[in-house]
Amino acid sequence: MSLLSPNALTELAMNLPTEISGTITIALLNGQIDSISAADLENDIMQMLDNGVKELLLDCSGLDYINSAGLRVFLLAAKRLEPSGGQLAFCGLAENVRMIFETIGFDRILTLYTDRDSALEGMNLASAKAA
Amino acid sequence: MLPGSVSSRFAIALHETQRLNSMVQQFGKTHKLPEKTVFMIGLSLDELVTNIVVHSGSRDPRAQEIVLRLSSHNHQVKAEIEDDGIEFNPLDMPSPDLNAPLQDRDIGGMGIHLARSFMDDICYSRVGCRNVVTLTKRVD
């Protein structure tokens, strides 16, 4: 006998802690994203997009390492959100993580904010303009 | 920076990149390397070893092991990655076009681009039946 609704199962399958602020979903990235954990990250982010999340903020303030396997997931998510007018933004990048983003040119194609407050303000402003 | 060297063997498995990163961290501490240098070397080795696992672990002759040697002397750190798989030169992979708009950005080639950018020199050679990639990073 299952007592879980499909939605509850979806929530249980998520590894990423998330918060909601208005229309924006905030996911907290922590620790290290490497060639193994990137698979979980991809599942979680794609699941959010499948569930209709259009404005996603990835709070990287707890993230201290990411390799190209994780960067690939960000690129896939951004490519998927752009045509539907969605927003993918990042905030709180530690110095080393920012260095990786800049070296791979992500600062030119993705939206980066210094902290969560400025990210929410910027994203709300962008969605108000688009509306 | 203190002179010295260390070496270790790794299996052809993605989870080994975590042990590899620990080894680089420990080497950095023992030899008093700058934190940023250690981060750049760790990431570059992670990317190159991931490439070997993905590319050489699935094609015959399959690689059986990876040997990593790290050394520091004369204001530089040298890392040598050796595997016994099919001939594979990671430097042949095309670099991503960083000026391309989002939808045209390729999801491949990012790892080798990061390694090339973070290291002062990367060279590849085929020695007998082994691939040898040597990375050099200056330490000021």
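In what follows, chains carry the letters A, B, and so on, assigned in the order in which the sequence lines appear, proteins first and then strands, with residues in each chain numbered from 1.
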Heavy atoms only: give me the nearest [X]-[Y] pair and the separation to one decimal.
X        : Y        : value
A:Ser68  : B:Gly111 : CB-N, 3.5 Å
B:His113 : A:Ile104 : CD2-CD1, 3.6 Å
A:Lys79  : B:Asp104 : NZ-C, 4.4 Å

Could you look at [X] and say if it's the side chain, the backbone, both or neither that has a heavy atom under 4.5 Å from chain B?
X       : answer
A:Asp64 : backbone
A:Arg72 : both
A:Ile66 : backbone

Which of the residues A:Ala69, A:Pro83, A:Ser35 is involved in the greatest number of heavy-atom pairs with chain B at under 4.5 angstrom? A:Ser35

Using a cut-off of under 4.5 Å for heavy-atom pairs, which of A:Ile100, A:Val73, A:Leu71 has the most such pairs with chain B? A:Ile100

Rounded distance [0.5 Å steps], [atom1] in [X] versus [atom2] in [Y]:
X        : Y        : atom1 : atom2 : answer
B:Gln18  : A:Tyr65  : CD    : OH    : 10.0 Å
B:Arg105 : A:Ile109 : CZ    : CD1   : 4.0 Å
A:Arg80  : B:Leu102 : CZ    : CG    : 14.0 Å
A:Met99  : B:Leu114 : CE    : CG    : 9.0 Å
A:Phe74  : B:Met110 : CZ    : CE    : 10.0 Å

Hydrophobic clustering (ILVMFWY, side-chain heavy atoms < 4.5 Å, transitive) - are [Y] and [X] grouped together?
X        : Y       : result
B:Ile52  : B:Met93 : yes
A:Leu28  : A:Val53 : no
A:Phe101 : A:Leu41 : yes
A:Leu110 : A:Ile24 : no

Interface residues of residues 121-140 of chain B facing chain A - non-hydrogen atoms under 4.5 Å apart: none

Under 4.5 Å, heavy atom to heavy atom: which of residues 36-48 of chain B reach chain A? Give them by number, or say none. B:Lys36, B:Phe39, B:Met40, B:Gly42, B:Leu43, B:Asp46, B:Glu47

Does a donor on one side chain and an acceptor on the other come within less than 3.5 Å for B:Ser117 and A:Thr103? no

Please look at B:Asn21 and chain A and tell me whether the side chain, the backbone, both or neither of the residue comes under 4.5 angstrom of a heavy atom of that chain. side chain

Counting heavy-atom pairs under 4.5 angstrom with chain A, the leader among B:Val53, B:Asn99, B:Val54 is B:Asn99

